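Model, not experiment: these values are computed from the prediction.
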Amino acid sequence: MRKKDPSAPATPTIQVIERMFALIDVLASREDACSLKEISEKTGLHPSTTHRILNDLATGRFVDRPQAGSYRLGMRLLELGNLVKARLNVRDAALLPMRELHKQIQQPVNLSVRQGDEIVYVERAYSERSGMQVVRAIGGRAPLHLTSTGKLFLAADDAPRVRAYATRTGLAGHTKNSITQLPVLERELAKARQHGMARDNEELELGVRCMAAGIYDDQARLVAGLSISAPADRLDDSWLVRLQATANEISAALGHKAPPTQRLAA
């Protein structure tokens with residue numbers, strides 16, 4: 001492959017990403033660290049281009065420099081891989097219990113995880129024959145403070161992190177019921193910590209209420225939330241016991257040892 005001229009016009013973003021992936025692929029093919037010269041030759045990129053992109057990757061910890069002029073894959077890739085693995089395991093462990101819970105309550109059951117300042121829906125259990133339902137799309141996102149599962153993740157943060165979240169997001173609202181003031185949010189999170197569950201009272205979408213319970217791994221870390229979404233006038237508080245039991249079942253499958261039973265919110 002012909003080496004690129006470092007004096008060429010600025011590279012389009014997509015081309016930079018393709019080059020970055022090519023460099024990572026070369027590093028992934030070797031057990032030991034690679035020299036800059038070898039990486040440049042294998043990718044066909046000019047040494048100066050190779051050096052620049054590798055340095056950017058090293059800044060993000062995607063690449064390590066064990067010594068001057070040599071590179072290997074960095075720990076950040078391992079960390080991200082472990083996150084993906086954990087989320088896939090959660091989905092696998094949750095699918096059958098979610099379906100069983102749906103059979104009992106005949107309302108959609110959602111599994112979601114945190115990504116930054118949002119939750120992402122990664123699985124759902126519902127039936128097209130169950131009449132009026134609130135079905136969340138897999139891959140859909142929503143702000144933490146407007147959702148029941150999102151509140152569980154915020155409740156797991158300390159006060160400075162919650163304040164930082166409020167500053168970053170401005171606590172933007174979607175409906176007249178949305179919590180947009182930090183003191184109100186802090187009180188809501190205190191209730192979530194006390195009861196081990198959280199609610200969305202038409203805060204993301206008018207006419208829709210939700211309740212959520214946390215799913216924990218073998219290190220007692222909150223890794224996902226299990227929620228029930230329903231039309232506001234149909235959400236039944238009696239479902240909460242079943243929801244918590246299902247979340248506990250999934251947590252147990254992940255190796256979590258549950259603490260003494262918490263009092264559930266009425």
Side-chain angles (χ1 to χ4, degrees), residues 80 82-95 97-98 101-102 107-126 133-158 161-175 177-180 182 184-186 188-193 195-217 220-230 232 235 239-240 243-244 246-247 250-251 254 256:
L80 293 175
N82 285 337
L83 283 175
V84 172
K85 179 181 177 182
R87 288 167 183 169
L88 290 175
N89 286 344
V90 169
R91 180 187 175 278
D92 291 343
L95 197 52
M98 288 174 65
L101 177 59
H102 168 68
Q107 291 296 326
V109 179
N110 312 295
L111 180 71
S112 49
V113 298
R114 180 176 186 171
Q115 263 190 11
D117 291 339
E118 298 176 309
I119 63 161
V120 180
Y121 297 95
V122 296
E123 192 52 85
R124 65 189 179 191
Y126 76 106
Q133 299 176 94
V134 180
V135 181
R136 301 300 186 193
I138 294 176
R141 295 171 175 268
L144 296 176
H145 67 289
L146 299 183
T147 61
S148 53
T149 293
K151 289 175 186 176
L152 290 176
F153 279 103
L154 285 174
D157 284 346
D158 58 22
R161 289 178 181 272
V162 173
R163 288 194 294 269
Y165 168 84
T167 300
R168 285 194 307 273
T169 64
L171 297 182
H174 283 200
T175 76
N177 288 3
S178 297
I179 295 177
T180 58
L182 180 57
V184 180
L185 177 61
E186 289 174 329
E188 186 81 356
L189 298 183
K191 290 192 293 184
R193 295 186 192 102
H195 299 302
M197 59 81 63
R199 299 173 184 269
D200 159 16
N201 182 30
E202 301 184 70
E203 296 160 52
L204 181 65
E205 181 181 349
L206 286 176
V208 177
R209 294 170 58 211
C210 306
M211 56 175 66
I215 295 172
Y216 299 84
D217 66 9
R221 292 173 301 198
L222 178 65
V223 294
L226 192 69
S227 64
I228 299 171
S229 302
L235 190 72
W239 296 340
L240 182 56
L243 174 67
Q244 187 68 69
T246 304
I250 299 168
S251 297
L254 298 177
H256 178 62

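In this structure, the separation between CG on L222 and CZ on R114 is 9.5 Å, given to the nearest 0.5 Å. In this structure, CD1 in I250 is found 12.0 Å from CZ in R91, a value given to the nearest 0.5 Å. To the nearest 0.5 Å, atoms OG (S227) and CG (L152) are separated by 9.0 Å. Here CG of N110 is found 9.0 Å from CZ of R124. Values are rounded to the nearest 0.5 Å. With rounding to the nearest 0.5 Å, the separation of CG in L146 from OG1 in T149 is 12.5 Å. The distance from the CD atom of Q107 to the CG atom of L101 is 10.5 Å, given to the nearest 0.5 Å.
Between K151 and E188, the shortest heavy-atom distance links the atoms NZ-OE2, 3.1 Å. The minimum heavy-atom distance linking L204 with A142 is given by the pair CD2-CB, 4.0 Å. The two atoms that bring L144 and G116 nearest to each other are CD1-O, 3.9 Å, heavy atoms only. For the residue pair T180 and A172, the shortest heavy atom distance occurs at CG2-C, 4.3 Å. Between S148 and A198, the shortest heavy-atom distance links the atoms O-CB, 3.3 Å. Between V162 and L154, the shortest heavy-atom contact is CG2-O, 3.5 Å.
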Decide yes or no on side chain to side chain contact (heavy atoms under 4.5 Å, CB included) for I179 and L171, but give the supporting numbers first. CA-CA 7 Å; I179 295 177; L171 297 182; 5.5 Å; no

Can Q115 and V122 be said to form a side chain to side chain contact (heavy atoms under 4.5 Å, CB included), step by step? CA-CA 11 Å; Q115 263 190 11; V122 296; over 6 Å; no

Mind running side chain to side chain contact (heavy atoms under 4.5 Å, CB included) on L111 and I215 for me, showing each step along the way? CA-CA 9 Å; L111 180 71; I215 295 172; 3.5 Å; yes

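Here the side chain of S112 pairs no donor or acceptor atom with the backbone of V120 at under 3.5 angstrom. A donor-acceptor contact shorter than 3.5 Å is absent between the side chain of D200 and the backbone of C210. Although no hydrogens or angles enter the test, the distance criterion places a donor-acceptor pair under 3.5 Å between the side chain of S251 and the main chain of Y216. Proximity of a side-chain donor or acceptor of Y165 to a complementary backbone N or O of D157 within less than 3.5 Å is not detected. Without hydrogens or angle criteria, T175 side chain to E202 main chain gives a donor-acceptor distance under 3.5 Å. Judged purely by atom type and a 3.5 angstrom limit, R141 has no side-chain atom pairing as donor or acceptor with the backbone of P143.
Side-chain atoms of D158 and R161, non-hydrogen and from C-beta on, do get closer than 4.5 Å to each other.
For the side-chain contact (heavy atoms from CB on, under 4.5 Å) test with M211, the passing option among N201, L226, L243 is L243; the others fail.
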